[in-house]
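Just so it is clear, the structure is predicted and the values come from calculations on it, not from any experiment.
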Amino acid sequence: MSDYALFEESGTFRAATIQADQNTTLQVELPGGKRQKLKAAQVLLRFKAPAPAQLLPAAEPMAADMDPAFLWECAPETDFGFTDIAADYFGHSPSAIESTALLLAMQNAPLYFHRRGKGMFRRAPPEILKAALAGAEKKRLQAEAIERMVAQLVAGSLPTELIDQVDALLVQPDRNRPEIKAFEAACAQTKESPAALLLRCGAFPDAYHWHFRRFAAERFPKGIGFPELPEPAAVGDLPLADVQAVSIDDATTTEIDDALSVTRLPGIGWRIGVHIAAPGLGILPGSAHDAVARARLSTVYMPGHKITMLPDDLVARFTLAEGKACPALSLYLNVSDDFEILSHESRVERVPIAANLRLHEIEPHMDIDRLNAGDIPDCAHGDTLRTLWRFAGACAGRRGKPSAQAGLHDYHYQIDGPLHDKISGAILDPAACRVHIEARKRGSPVDMLVAELMILANATWGQLLADKGVPGLYRGQVAGKVRMTTSAIPHEGLGVACYAWSTSPLRRYSDLINQWQLIAALSDKPAPFAPRSAELFAAMRDFDLTYAGYADFQRRMERYWCLRWLQQTGTEQVEGTVMRNAPNVRVDGLPLVVQVPSAPDLPVGSRMSLTLGAPDLLELSVHSRFENVLAGVELATEDDLELLDEVPVEDALAEAEEEQAEASDSRPAPEAHAPDQAE
């Protein structure tokens, strides 16, 4: 009878027939016919029966039935070979199959037995074995829990373990947690996105909850509410301005940052006042109020709701409310009868606010033809508005940068229904809300009036800081590249030598910083931020990134409500215009851009009809199908084509310039845009 050998190779046990034995080496033949050379030290067991091909298949089931705990009890305290305890375990001289089964059983029980060499083992110390068994039991229970949670998720039920983990799933889930492992395994099994699976399992009532809670979890991990804050610093005794100022805002605006005044100067011309709310007098650098503003950096706008940078009571204290004399940083411009600027000065004072004018009330009376004809608008403070409009026109002419966006549209979103609680901001029932979208042409007289005076104030105050050697936060544009900086550089797009955001301190932290610097410069006191201040650089960087993130969320929510409008109206047939980055098409009458892969290759500006499918409110997408080219429609003019430049598909609204940003700043809710992203 031939001699056989059991040996280990690369962590695998093999049995073979011995062909030649040369004491230190063996020549063996495997069951498949392959021959190889072995060192004698590799051999674990020599045997005569059964045949090599039968040994391991016979030993493996026997090894599976062996109790490793009993084997551990039988094993000695010192190192031992598997053949040393085989006779004691079986009670007789073991067969090759029994010895091999014992080897496999100990090899497969690493918690009980530690390898000490080929065929050699030592039983685990009792305390180590106890800890290892506890860990193994924990893993077993965890694996069972994961399997159970996966089954629940696939079936459309949210496991109780995941209820408190939903916000973590939205942002940066800890993939070491069993709940997250189960969720990702369920997504892989169902081939659903995380949003779709959570929605199907009832984690969110609807897609709106998903978008809003994901944003809030990422940007406001401690919640969107404000902490308890002490009283702000006392403003002090400020002189009272001899003016009657008016603000111009959207009907829903509460953070009224800016107001304007006109005073006749007999024999000279006019004194134009730009008055900016002065929260910088009560919110001091390094205070608890500053910490809140520094953490948020800007008000967040979206259709039907906003998350303010400052608490409502603090906003109410400094907003330029009608009928009050409010703390303000004022820029006064003495201008001639033909609106040439003769001189200017800046003051910190209290400004009487005569009226909070609302866009929907005054804009119908600001007709460009009647204004040009010299007619005074038939509305409250019409004479003041016409004078301001004439001055703004002169400012625009001096800048030489008329709005390239005139003729395009802004879109006003009105959300009717229980969207957010007015006090807590909690989401109510978005599914019950209805959206109305109304187009409004850009570049109206009111837009131009507000935009030009805000640009003038930002440019003038930016230069004032530069002249006094006080750093600020500027936006510059050189060679087409827009960036934020702490030093005054030109903004070629606006046609100004420098441009420091200073006119929205209630809702932009950059403007609040600049206000602190301006107040210090006007009072000849040390500025809170010195040149090359690390804190100023950090604030600039964080503001730039955060403002961009807020703007992206705003565009996503505007797209959401566009798709909701399509859904609630059942709109399927639409018309649109081919954009430069085909196959993108801008839909008529909506701030919506869709991809139309089925469209033929058409010139930019071509008009077509489309069929839209059911909107996906989670992915914010809608399938579109080309129907036909609209006959008898001329291609867009070259000027129109400039307005159809490339815009990312998710950016549903047209791009806007920074002066339009200042115009929309005066009416931020609910449709305020973040046009700097376009630059």
Student: Using modelled atom types and a 3.5 Å cut-off, is there a donor and acceptor pairing between side-chain atoms of D511 and backbone atoms of P505?
Tutor: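 Not confirmed, D511 side chain does not pair with P505 backbone.
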
Student: Nearest 0.5 angstrom please: L260 CG to T384 OG1, how far?
Tutor: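 Rounded to the nearest 0.5 Å, the CG-OG1 separation comes to 9.5 Å.
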
Student: Any luck finding a side-chain donor-acceptor pair between H436 and D416 under 3.5 Å?
Tutor: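 The answer is yes; a qualifying pair exists.
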
Student: Run the side-chain hydrogen bond (donor to acceptor under 3.5 Å, both in side chains) test on Q595 and S624 for me, step by step, so that the C-alpha distance in whole Å, both residues' side-chain angles and the decisive distance to 0.1 Å come before the verdict.
Tutor: CA-CA 7 Å; Q595 287 188 324; S624 59; over 6 Å; no

Student: Indicate every side-chain donor-acceptor pair of residues 424-432 with a distance under 3.5 Å to a residue at least two apart or in another chain.
Tutor:
from: S424; atom 1: OG; to: D421; atom 2: OD2; distance (Å): 3.1
from: S424; atom 1: OG; to: A426; atom 2: N; distance (Å): 3.2

Student: Using a strict cut-off of less than 4.0 Å between a Lys/Arg side-chain nitrogen and an Asp/Glu carboxylate oxygen, indicate whether R607 and D588 qualify as a salt bridge.
Tutor: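 Salt bridge flag = yes for D588 with R607.
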
Student: Do I307 and F212 have side chains that get closer than 4.5 Å, going by heavy atoms?
Tutor: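 Heavy-atom side-chain distance check passes, below 4.5 Å.
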
Student: Under the side-chain contact (heavy atoms from CB on, under 4.5 Å) criterion, do M454 and S504 qualify, and how do the steps go?
Tutor: CA-CA 10 Å; M454 295 306 108; S504 297; over 6 Å; no

Student: Answer yes or no: does atom CZ of R370 have more than 12 heavy-atom neighbours from other residues, nucleotides or ligands under 6.0 Å?
Tutor: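 No, because the 6.0 Å sphere around CZ of R370 holds 12 heavy atoms or fewer from other groups.
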
Student: Check for a donor-acceptor pair, side chain of H211 on one end and backbone N or O of Y560 on the other, with a separation under 3.5 Å.
Tutor: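 Such a contact is absent between H211 side chain and Y560 backbone.
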
Student: Kindly indicate whether a cation-pi arrangement holds for R296 with F226, taking the cut-offs as under 6.0 Å to the six-membered ring centre and within 45° of the axis.
Tutor: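 Here R296 passes the 6.0 Å and 45° test against F226.
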
Student: If I compare all heavy atoms of A216 with all of I224, which pair ends up nearest, and what's the gap?
Tutor: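 Shortest heavy-atom separation between A216 and I224 comes out as CB-CG2, 4.3 Å.
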
Student: Which value, rounded to the nearest 0.5 Å, describes the distance between L453 atom CG and W389 atom CH2?
Tutor: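 Reported to 0.5 Å precision, the distance equals 13.5 Å.
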
Student: Please confirm whether Y474 and Y499 have ring centers closer than 6.0 angstrom.
Tutor: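 Ring centroids of Y474 and Y499 are no less than 6.0 Å from each other.
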
Student: Can you tell if the side chain of R219 reaches within under 4.5 Å of the side chain of F553, non-hydrogen atoms only?
Tutor: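 Of all side-chain heavy-atom pairs linking F553 with R219, none is under 4.5 Å.
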
Student: Apply side-chain contact (heavy atoms from CB on, under 4.5 Å) to residues L388 and V450 and explain how you reach the verdict.
Tutor: CA-CA 9 Å; L388 290 170; V450 176; over 6 Å; no

Student: I'd like to know if the side chain of R508 and the backbone of M309 have a donor-acceptor N/O pair within less than 3.5 Å.
Tutor: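 The answer is no, because no donor-acceptor pair under 3.5 Å joins these two groups.
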
Student: Is there a donor-acceptor contact under 3.5 Å from the side chain of T253 to the main chain of D249?
Tutor: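 Such a contact is absent between T253 side chain and D249 backbone.
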
Student: Distance-only, no hydrogens or angles: does the E627 side chain make a donor-acceptor pair with backbone N or O of L610 under 3.5 Å?
Tutor: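 No.
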
Student: If we ignore angles and hydrogens, is there a donor and acceptor under 3.5 Å between the side chains of Q573 and S609?
Tutor: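 Per modelled atom types, Q573 and S609 side chains form no pair under 3.5 Å.
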
Student: Check salt bridge (charged side-chain N to carboxylate O under 4.0 Å, His left out) between E361 and all other residues, then give those that pass, not counting sequence neighbours.
Tutor: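 None.
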
Student: How about D601: does its CG atom have over 12 heavy atoms from other parts shown lying under 6.0 Å from it?
Tutor: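 Result for CG/D601: open.
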
Student: So, the side chain of N372 versus the backbone of I368: is there a donor-acceptor pair under 3.5 Å, distance only?
Tutor: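 Indeed, once roles are kept as given, a pair shorter than 3.5 Å links the two residues.
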
Student: W461 versus N514: any side-chain heavy-atom pair under 4.5 Å?
Tutor: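 Of all side-chain heavy-atom pairs linking N514 with W461, none is under 4.5 Å.
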
Student: Please identify which of these residues, I248, I353, L320, meets the side chain to side chain contact (heavy atoms under 4.5 Å, CB included) condition with I256.
Tutor: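 When side chain to side chain contact (heavy atoms under 4.5 Å, CB included) is applied between I256 and each of I248, I353, L320, only L320 qualifies.
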
Student: Is the backbone of L612 close enough, under 3.5 Å, to the side chain of E572 for a donor and an acceptor to pair up by distance?
Tutor: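 Flag not set: sc E572 to bb L612 has no pair under 3.5 Å.
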
Student: Is C433 close to P418 at the side-chain level, that is, under 4.5 Å between some pair of heavy atoms?
Tutor: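 Sidechains of C433 and P418: in contact.
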
Student: Between E452 and G393 (side chain of the first, backbone of the second, donor and acceptor by atom type, cut-off under 3.5 Å), is there such a pair?
Tutor: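 The answer is no, because no donor-acceptor pair under 3.5 Å joins these two groups.
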
Student: Which pair of heavy atoms, one from V593 and one from R586, lies closest together, and at what distance?
Tutor: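 Scanning both residues completely, I find the closest heavy atoms to be CG2-NH1, 3.8 Å.
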
Student: I need the L473 CG to S502 OG distance, nearest 0.5 Å.
Tutor: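 OG of S502 is found 9.0 Å from CG of L473.
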
Student: Would the distance check show the side chain of T319 and the main-chain N or O of V315 forming a donor-acceptor pair, the cut-off being under 3.5 Å?
Tutor: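 Between the backbone of V315 and the side chain of T319 there is no qualifying donor-acceptor contact (under 3.5 Å).
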
Student: What pair of heavy atoms forms the shortest contact from H365 to C379, and how long is it?
Tutor: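 The pair with the smallest heavy-atom distance is CD2-CB, 3.6 Å.
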
Student: Mind checking the CG-CG spacing from L592 to L563? Nearest 0.5 Å is all I need.
Tutor: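 It is 6.0 Å, given to the nearest 0.5 Å.
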
Student: Please check if any side-chain donor atom of K306 sits under 3.5 Å from a side-chain acceptor atom of T254, or the reverse.
Tutor: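 Yes, a side-chain donor-acceptor pair sits under 3.5 Å.
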
Student: Going by an N to O cut-off under 4.0 Å, is there a salt bridge joining R386 and D375?
Tutor: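 A salt bridge is absent here (no side-chain N lies under 4.0 Å from a carboxylate O).
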
Student: Can you tell me if R214 has over 12 outside heavy atoms packed within less than 6.0 Å of its CZ?
Tutor: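 Incorrect, the count does not exceed 12.
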
Student: Considering all heavy atoms of both residues, which atom of L297 and which atom of D542 are nearest to each other, and what is their separation?
Tutor: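 Minimum heavy-atom contact is CD1-O, 3.5 Å.
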
Student: Is there a side-chain contact between V435 and Q414, using heavy atoms and a 4.5 Å cut-off?
Tutor: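 Sidechains of Q414 and V435: no contact.
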
Student: Above 12 or not: heavy atoms from other molecules or residues under 6.0 Å from CD of E438?
Tutor: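 Counting neighbours around CD of E438, 12 or fewer heavy atoms of other residues, nucleotides or ligands fall under 6.0 Å, so no.
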
Student: Determine, stepwise, if the pair R564 / L617 fulfils side-chain contact (heavy atoms from CB on, under 4.5 Å).
Tutor: CA-CA 8 Å; R564 275 287 303 273; L617 298 179; 3.7 Å; yes

Student: Among side-chain atoms of S444 and E363, is any donor-acceptor pair under 3.5 angstrom?
Tutor: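 Present: a donor and an acceptor within the cut-off.
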
Student: Distance from D378 atom CG to M366 atom CE, nearest 0.5 Å?
Tutor: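 Here the rounded value is 12.5 Å.
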
Student: Counting C-beta onward and ignoring hydrogens, is there a side-chain heavy-atom pair between P591 and C562 closer than 4.5 Å?
Tutor: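 They are in contact (side-chain heavy atoms under 4.5 Å apart), so the answer is yes.
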
Student: Once you round to the nearest 0.5 Å, how far does OG of S298 lie from CZ of R507?
Tutor: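 So the gap between those two atoms works out to 9.0 Å.
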
Student: Do you know the tightest heavy-atom contact between Y411 and A439?
Tutor: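 Reported closest heavy-atom pair: CE2-CB, 3.6 Å.
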
Student: Quick one, H305 with Y413, criterion ring-ring contact (aromatic ring centres under 6.0 Å, His included). Give me CA distance, side-chain angles, the key distance, then yes/no.
Tutor: CA-CA 10 Å; H305 188 55; Y413 297 78; over 10 Å; no

Student: Let's go through N356 and S247 carefully: what are the C-alpha distance in whole Å and the side-chain angles of both, what is the deciding distance for side-chain hydrogen bond (donor to acceptor under 3.5 Å, both in side chains) to 0.1 Å, and is it a yes or a no?
Tutor: CA-CA 5 Å; N356 293 143; S247 66; 2.8 Å; yes

Student: Look at the rings of Y550 and F215 and say which category their plane angle falls in: under 30° parallel, 30 to 60° tilted, over 60° perpendicular.
Tutor: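 Rings of Y550 and F215: perpendicular, over 60°.
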
Student: For a quick test of reading the model, state the closest non-hydrogen atom pair linking I180 to P173 and the distance between them.
Tutor: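 Result for this residue pair: CG2-CB, 3.7 Å.
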
Student: Flag the pair T611 / F626 as yes when at least one side-chain heavy-atom distance between them is below 4.5 Å, and no otherwise.
Tutor: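 The answer is no, as the side chains (C-beta and beyond) never meet within the 4.5 Å cut-off.
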
Student: Determine, step by step, whether D544 and R475 satisfy the side-chain contact (heavy atoms from CB on, under 4.5 Å) criterion, reporting the C-alpha distance in whole Å, the side-chain angles of both residues, the deciding distance to 0.1 Å, and the verdict.
Tutor: CA-CA 10 Å; D544 210 15; R475 288 191 69 82; 3.9 Å; yes

Student: Taking S606 for its side chain and P603 for its backbone only, find out whether a donor-acceptor pair lies under 3.5 Å.
Tutor: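 Looks like yes, one N/O pair under 3.5 Å.
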
Student: Look at the rings of W210 and F204 and say which category their plane angle falls in: under 30° parallel, 30 to 60° tilted, over 60° perpendicular.
Tutor: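 W210 vs F204 ring planes: perpendicular.
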
Student: A side-chain contact here means heavy atoms from C-beta on lying under 4.5 Å apart; do E192 and C187 qualify?
Tutor: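 They are not in side-chain contact.
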
Student: Determine, for E558 against R556, whether the closest basic-nitrogen to carboxylate-oxygen distance falls under 4.0 angstrom.
Tutor: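 Looking at R556 together with E558, the answer is no, because their closest N to O distance does not fall below 4.0 Å.
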
